[in-house]
Amino acid sequence: MSPSMSSPIESDTPIAPLSPLTSSPVLIEQVYARLRDAIADLTLPPGERIRQAELADSLGVSRQPVSHALQLLKRDGLVCESGRQGLEVAPIDADHLRQLYQVRTALDGLAARLAAMRRAQGALPQDTLKRLQDAVAAGMAMTRGTPVAKQVRVEVAFHTALHDASGNPLIGQTVAPQWPHIMRAMAATLGTLPMQEVVWHEHGEIVARIAAGDADGAERAAREHTETDGGNARREWLARLTQPE
C-alpha cells in the first residue's frame, strides 16, 4: 500500500543517484527539469529532505543552479519550507488535485469538442488522429504487470495528444504546469489499484467520437470520463492519498 501523504516521509538515507548533467547556457532549466521529473515519478518522494550538496554532486553541477532550480520548484508548489531543515519535497495536496480535476474536466471536454470540429471540417491532420489512436492502443496493451511509471507516461501521452488535437495551444499550456502534481499522485496510487481497463475504453470512445467528427459526442465522452468511471478512479486516488498509515 502506498505511504500516507498526510505527513512527510522521514528518511535519512541518501537520495537515489541522478544522472550527471553537462554544462550548458540553460543549466538552471536543465536542473529544474531533472528535479521536477524526479519529483513527478517519486524518485524524490513527498517529505524527502532536500540536500543541495548531494543533488549538486549527483547531477555533476555546482550548488548555484540547484539553488535557483529549487526556488522555481518552490514557486510551482513542488518544494516547500521545512523549518530548520531547509526545504523538502512538498506533500501531495488532495484539495489542490480536486480543484485541478474540475478544471481538467472542462478543458478536456473543450479539447475533444474542438478536435472533433476540426475533423468534421477536414482540418485535423491524419497524423494527429493517429497519435491519439496510438495512445489508446498503448493504453489497451498494458497489463497488471506494466510498471506504474509507464502507466503514468501513457496516460499523460493520451491527454497531451488530445490537447494538441484541439488546435488551441492555450489548453495544453494551461495544463502543462500541473502535470507533475497529477503524475506523482498517479505514481503514488496506481501500483495499489487494479488496472483501470474501463478508463482506456473511455479514452477509445473519445477518440472514436473525434474521428467521426461528432463534437457533442466527443465533449460528452470526455466529460463523462472524468466525472463518472474516470472520476471513480480519481476519487479512489484522492481517498488513498489522505488515508492514515
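- No salt bridge links D216 with R209; every basic N to acidic carboxylate O contact stays at or beyond 4.0 Å.
- The aromatic rings of H163 and H159 sit tilted relative to each other, their planes meeting at an angle between 30° and 60°.
- Contact detail for A90 and C80: the closest heavy-atom pair is CA-SG, 3.8 Å.
- Closest approach of P65 and L27 over heavy atoms only: CG-CD2, 4.0 Å.
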- Message: Assess the residue pair S166 and I171 against the criterion (side-chain contact (heavy atoms from CB on, under 4.5 Å)); give the C-alpha distance rounded to whole Å, side-chain angles, the decisive distance to 0.1 Å, and a yes or no.
- Response: CA-CA 8 Å; S166 73; I171 294 176; 3.6 Å; yes
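- With hydrogens and angles disregarded, no donor-acceptor distance shorter than 3.5 Å links the side chain of T128 to the backbone of L124.
- In this structure, the side chains of R49 and R51 come closer than 4.5 Å at one or more pairs of heavy atoms.
- Of all heavy-atom pairs between P91 and P46, the closest is CA-CB, 4.0 Å.
- The side-chain contact (heavy atoms from CB on, under 4.5 Å) test with V89 singles out one residue from L73, L35, I50, L42, and that residue is I50.
- Distance alone, capped at 3.5 Å, is enough to place a donor-acceptor pair between the H181 side chain and the D76 backbone.
- With T160 contributing its side chain and V156 its backbone, the two residues share a donor-acceptor pair below 3.5 Å.
- Between the side chain of H225 and the main chain of A221, no donor-acceptor pair closer than 3.5 Å is present.
- Pairing each heavy atom of A211 with each of R119, the nearest pair is O-NE, 3.0 Å.
- The backbone N or O of R63 lies less than 3.5 Å from no partner atom in the side chain of S67, so there is not a single donor-acceptor pair.
- Scanning all heavy atoms of the two residues, the minimum distance from A112 to E219 falls at CB-N, 4.1 Å.
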Got a list of side-chain donor-acceptor pairs under 3.5 Å for residues 131-139, not counting sequence neighbours?
| residue | atom | partner | partner atom | Å |
| --- | --- | --- | --- | --- |
| R131 | NH1 | D164 | OD2 | 2.9 |
| R131 | NH2 | D164 | OD2 | 3.0 |
| D134 | OD1 | K130 | NZ | 3.4 |
| D134 | OD2 | K130 | NZ | 2.8 |

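- Contact record, A215 with M117: CB-CG, 3.7 Å, taken as the closest heavy-atom pair.
- Contact annotation: the side chain of L97 never approaches that of D93 to less than 4.5 Å [non-hydrogen atoms, C-beta and beyond].
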- Run the numbers on L59 and R34 for side-chain contact (heavy atoms from CB on, under 4.5 Å), then give the verdict. CA-CA 9 Å; L59 293 170; R34 184 66 60 82; 3.6 Å; yes
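- For R184 (side chain) and D37 (main-chain N/O), no donor-acceptor pair under 3.5 Å exists by modelled atom type.
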- side-chain contact (heavy atoms from CB on, under 4.5 Å) between M183 and E155, intermediate numbers included: CA-CA 9 Å; M183 291 171 69; E155 178 78 19; over 6 Å; no
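- With a 4.5 Å cut-off on side-chain heavy atoms, E88 and E48 do not count as touching.
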- Can you list the steps and then say if H201 with M140 is a side-chain contact (heavy atoms from CB on, under 4.5 Å)? CA-CA 8 Å; H201 284 291; M140 295 292 286; 3.3 Å; yes
